[in-house]
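Shown next, in structure tokens, is the structure this report addresses.
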Amino acid sequence: MMVLKDILYKVTINAVIGSTNIAVSNIEFDSRKIENNALFVAISGTITDGHNYIESVIEKGATAIVCERLPEVLKTGVTYIEVANSNQALAYMAANFYQHPSENLKLVGVTGTNGKTTVTSLLYQLFKKAGYKVGLLSTVKIMVDDTIYKTAHTTPDSLTINKYLKLMNDAGVEFCFMEASSHGIHQSRTEGLKFTGGIFTNLSHDHLDYHDTFAEYRDVKKAFFDQLPKDAFALSNVDDKNGLVMLQNTQAKKYTYALKTFADYRAQILENEFSGLLLKLNDNELWTRLIGSFNAYNIVAIYGAAELLGLEKDEILPIISELQNVSGRFEYLISDTRITAIVDYAHTPDALKNVLETINSIRTKNEQLITVIGCGGDRDKTKRPKMAHIASALSTKVIFTSDNPRGEVPETIIEDMEKGVAPQNFKKTLSITDRRQAIKTACQMAGAKDIILIAGKGHENYQEIKGERFDFDDYKTVQELLKQLQK
């Protein structure tokens, strides 16, 4: 239990009706989870509006309501707090309720279109191998040192973030690495947290279903760096044209990394093979099991961050050579019939282009590159033809299929994709709605030394169709189908 007035510390309040000197058992924004003496935060979401549930949560026992619009009828014995922004208020209240857990560890946020999961996961691995207790808040999972928890969002809601940061405090965690998505930043989920550092990976076409323009998408990412304190560091990829934009107004100490231009941390690719990368990293040669130029950027980012967090160069370099690939990120297997299958989360035009260019830079061109790709439903439709254009231009053969169609008709999504295929590439393409059948067809088309890329879902172990999630794992599926073909 906590007194309401203490929970409201730093919250911008427009009006208060009732007493703030009451005990609150917990904070909730989900009306289904309300208990006696709870504080309910009414949030205007994209699907439902929490303000519609104020009366029902009071009946369930809520004694305090935080909202952007006061209800017409005010109940006696209930405290109403009117705020300008419920998401922002929730962020500060969550931090207060869980006793500001971000202040008791070194929290680093990673933002950008691609690479967030890989950078945070590799930093988690690196610091664990260096002997520290470490936390991770990522798309793939939440880690409280050695304990794993499932996650549903790239950047969890403010309550979830602070809840797990408090668990990290209790476990003695010293460092935490967290993905900061544009949705999360825009919805104030990163506010109320004390960051020790921020990393910018890159910016390309994504989430234009949520953000009206690319400029808005960029500025939301930039807002994360604008909020960093003076004693934090901001580490930015300056090979990306938006890299310096991220650093423009930040109070944090500014650092840069790159492969192509002068920077504080710089890498050069000496060898790029399916077995890994040989890099020259700030005048040190380094071998890593990770593959491709996009991973070279990830490596130099984690090297820079580790050094800025106090690790010594001689300690960092040997550990980087031991780091394992992240689940669903250029994860590959080679069958007994010498077919290479690669599963990757690439679900943006830029990420898909990076993966295909990496494969093409390594392969001899005597083998086929067969790509299986779909696009998600109820998401940014403008990237569909772009994804198909890239896939058909950079592959020997392409199979368009379902990703997570969600509420859309899969065939309609595929039709949107097909519009991006250049005339000279029509004969390369094939459309198979059922994802398992598409992967099976790719396996049947492949011969010895051929390469199959299954893109878009990566680590996800489900398909979302009409509001339901069905078990589906790209890696397990292709592994199983290739074994069947060997018999």
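Excluded from the calculations below are hydrogen atoms, water molecules and symmetry mates; all remaining heavy atoms, backbone and side chain alike, are included.
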Short side-chain to backbone donor-acceptor contact, Ser402 and Thr433, under 3.5 Å: yes
Pair Glu28 + Lys33, salt bridge at N-O below 4.0 Å: no
Check: Glu460 main-chain N/O paired with Tyr345 side-chain donor or acceptor under 3.5 Å: no
Inter-residue atom distance Ile199.CD1 - Tyr257.OH, 0.5 Å rounding: 7.0 Å
Test: Lys128 and Asp146 ion pair at under 4.0 Å: yes
Criterion side-chain hydrogen bond (donor to acceptor under 3.5 Å, both in side chains) on Asp157 and Thr160, from CA distance to verdict: CA-CA 5 Å; Asp157 63 81; Thr160 303; 2.8 Å; yes
Side chains of His51 and Ser44 in contact at under 4.5 Å (non-hydrogen atoms): yes
Check against side-chain hydrogen bond (donor to acceptor under 3.5 Å, both in side chains), Glu418 and Ser431: CA-CA 9 Å; Glu418 289 170 342; Ser431 296; 2.5 Å; yes
Lys150/Ile142 under side-chain contact (heavy atoms from CB on, under 4.5 Å): CA gap, chis, key distance, verdict: CA-CA 6 Å; Lys150 288 184 179 180; Ile142 294 171; over 6 Å; no
Heavy atoms from other residues, nucleotides or ligands near NZ of Lys60 exceed 12 (cutoff 6.0 Å): yes
Any side-chain heavy-atom pair of Glu331 and Asn325 under 4.5 Å: no
Salt bridge flag under 4.0 Å for residues Asp30 and Arg32: yes
Sub-4.5 Å side-chain heavy-atom contact between Tyr164 and Val173: no
Lys222 atom NZ: more than 12 heavy-atom contacts under 6.0 Å: yes
Enclosure of His389 NE2 (heavy-atom neighbours >12, cutoff 6.0 Å): no
Partner of Thr396 by side chain to side chain contact (heavy atoms under 4.5 Å, CB included), out of Met445, Lys428, Arg363: Arg363
Pair Arg379, His347: side-chain N/O donor-acceptor within cut-off below 3.5 Å: no
Side chain Asp240, main chain Asn242, donor-acceptor under 3.5 Å: yes
Salt bridge Asp416-Arg384, side-chain N to carboxylate O under 4.0 Å: yes
No-hydrogen, no-angle side-chain donor-acceptor test under 3.5 Å, Asn272 and Thr358: no
CZ/Phe262: more than 12 non-hydrogen atoms of other groups inside 6.0 Å: no
Side-chain (Asn202) to main-chain (Gly112) donor-acceptor, under 3.5 angstrom: no
Heavy-atom check, side chain of Ser275 versus side chain of Trp287, under 4.5 Å: yes
Presence of salt bridge, Asp336 and Lys483, under 4.0 angstrom: no
Thr340 (side chain) donor-acceptor with Ile451 (main chain) under 3.5 angstrom: no
Worked check of side-chain hydrogen bond (donor to acceptor under 3.5 Å, both in side chains) between Asp49 and Asn52: CA-CA 6 Å; Asp49 187 345; Asn52 297 331; 4.9 Å; no
Step-by-step side-chain hydrogen bond (donor to acceptor under 3.5 Å, both in side chains) determination, Gln368 to Asp450: CA-CA 5 Å; Gln368 294 188 98; Asp450 286 346; 2.9 Å; yes
Glu271 side chain near Leu277 side chain, heavy-atom distance below 4.5 Å: no
Backbone of Lys466 reached by a side-chain donor or acceptor of Glu468 within 3.5 Å: no
Enclosure of Lys365 NZ (heavy-atom neighbours >12, cutoff 6.0 Å): yes
CA sep, side-chain torsions, deciding dist, call: Leu290, Phe330, side-chain contact (heavy atoms from CB on, under 4.5 Å): CA-CA 8 Å; Leu290 306 179; Phe330 216 95; over 6 Å; no
Close side-chain approach of Arg436 to Leu481, heavy-atom, < 4.5 Å: yes
Thr113-Tyr217 side chain donor-acceptor pair, cut-off 3.5 Å: yes
Under 3.5 Å: donor-acceptor pair, side chain of Asp239, backbone of Thr261: yes
Worked check of side-chain contact (heavy atoms from CB on, under 4.5 Å) between Asp403 and Lys457: CA-CA 7 Å; Asp403 188 282; Lys457 288 176 58 58; 3.5 Å; yes
From CA spacing to verdict: side-chain contact (heavy atoms from CB on, under 4.5 Å), Leu122, Ile320: CA-CA 8 Å; Leu122 292 177; Ile320 288 178; over 6 Å; no
Aromatic ring pairing Phe224/Phe195, orientation class (parallel under 30°, perpendicular over 60°, tilted between): perpendicular
